[in-house]
Amino acid sequence: QVQLVESGGGLVQVGGSLRLSCAASGRTFGSYSMGWFRRAPGKEREFVASISWSGSITYYADSVKGRFTITRDNAKNTVYLQMNGLKPEDTAVYYCAAVRALYGSLFGSEYDYWGQGTQVTVSS
C-alpha cells in the first residue's frame, strides 16, 4: 500500500513558477514509477509527466515540454514537479500517481495509487 500526499499548489501569475511535491509513504517507493496528471474544470484528466523508478527516464505532455520538469528523490520518498512559465491553461487540480513498474505511463488507468490533488491557479 502506498499513500501519496501532494503539496505546493497555489495561486500564481502568468509566467510564474511553482514546485509541486508528492510525498509517498512506505519503504518501497523506489519500486514505483510516478506520474503527474491534472484535471481542469470541465475537462478530462490529462497526463502531464512521468518518471521511471530510477529517475533516469522521463516523459512529458507536449503542452508542458520545456516548461515543466519532473524529478524524484528516492531517499526522501518524494517526487517533484517544477513548473515554470505558467500559463492560464495550466490551471487545474494536479494529482500524483504511482505504478509498480519500471517506467511511468501516459494512461491514468495503469496507475495503482493516487493522491488527493493540489490546486494550481494561474491568473492573467
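Everything numeric in this text was worked out from a predicted model, so none of it was measured.
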Salt bridge (Lys or Arg N to Asp or Glu O under 4.0 Å) for Lys65 and Asp62? Distances and angles first, verdict last. CA-CA 5 Å; Lys65 202 172 294 182; Asp62 287 344; 3.1 Å; yes

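- Separating the CG atom in Asn77 from the CD atom in Gln3 is a distance of 12.5 Å, to the nearest 0.5 Å.
- More than 12 heavy-atom neighbours from other residues, nucleotides or ligands sit within 6.0 angstrom of OH on Tyr113.
- Listed by chain and residue number, Ser54 satisfy the side chain to side chain donor-acceptor pair (under 3.5 Å) test with Ser52 (two or more places apart in sequence, or in another chain).
- Rounded to the nearest 0.5 angstrom, Cys22 SG and Tyr94 OH are separated by 14.5 Å.
- Taking the side chain as every heavy atom from C-beta outward, Tyr95 and Val93 approach each other to under 4.5 Å.
- Under the 4.5 Å side-chain criterion, counting only non-hydrogen atoms from C-beta, Met34 is in contact with Phe29.
- For the pair Phe68 and Trp36, the minimum side-chain heavy-atom distance is 4.5 Å or more.
- When all heavy atoms of Tyr60 and Ala49 are compared, the pair lying nearest together is CD2-CB, 3.6 Å.
- Taking OH of Tyr32 as the start and CG of Asn74 as the end, the distance is 13.0 Å to the nearest 0.5 Å.
- Side-chain contact check for Leu4 versus Trp114: every heavy-atom pair is 4.5 Å or farther apart.
- Residues Asn84 and Gln82 are in side-chain contact: their nearest non-hydrogen atoms beyond the backbone lie under 4.5 Å apart.
- Looking only at side-chain heavy atoms (C-beta outward), Val12 and Ser17 stay at 4.5 Å or farther from each other.
- Here the two rings, on Tyr111 and Phe37, have centers that are under 6.0 Å apart.
- Rounding to the nearest 0.5 Å gives a distance of 8.0 Å between CD1 of Ile51 and OG of Ser56.
- Sorted by first and then second residue, the salt bridge (Lys or Arg N to Asp or Glu O under 4.0 Å) pairs involving residues 95-120 (not counting sequence neighbours) form an empty list.
- In the hydrophobic clustering, Tyr80 connects to no other residue, as no ILVMFWY side-chain heavy atoms lie under 4.5 Å from its own.
- Remark: Ile70 CD1 to Ile57 CD1 distance equals 12.5 Å, nearest 0.5 Å.
- Heavy-atom neighbours of Glu89 CD from other residues, nucleotides or ligands within 6.0 Å: above the threshold of 12.
- Between the OG1 atom of Thr91 and the CZ atom of Arg38 there is a distance of 9.0 Å, given to the nearest 0.5 Å.
- For the pair Leu20/Met83, a side-chain contact is recorded, criterion being any heavy-atom separation below 4.5 Å from C-beta on.
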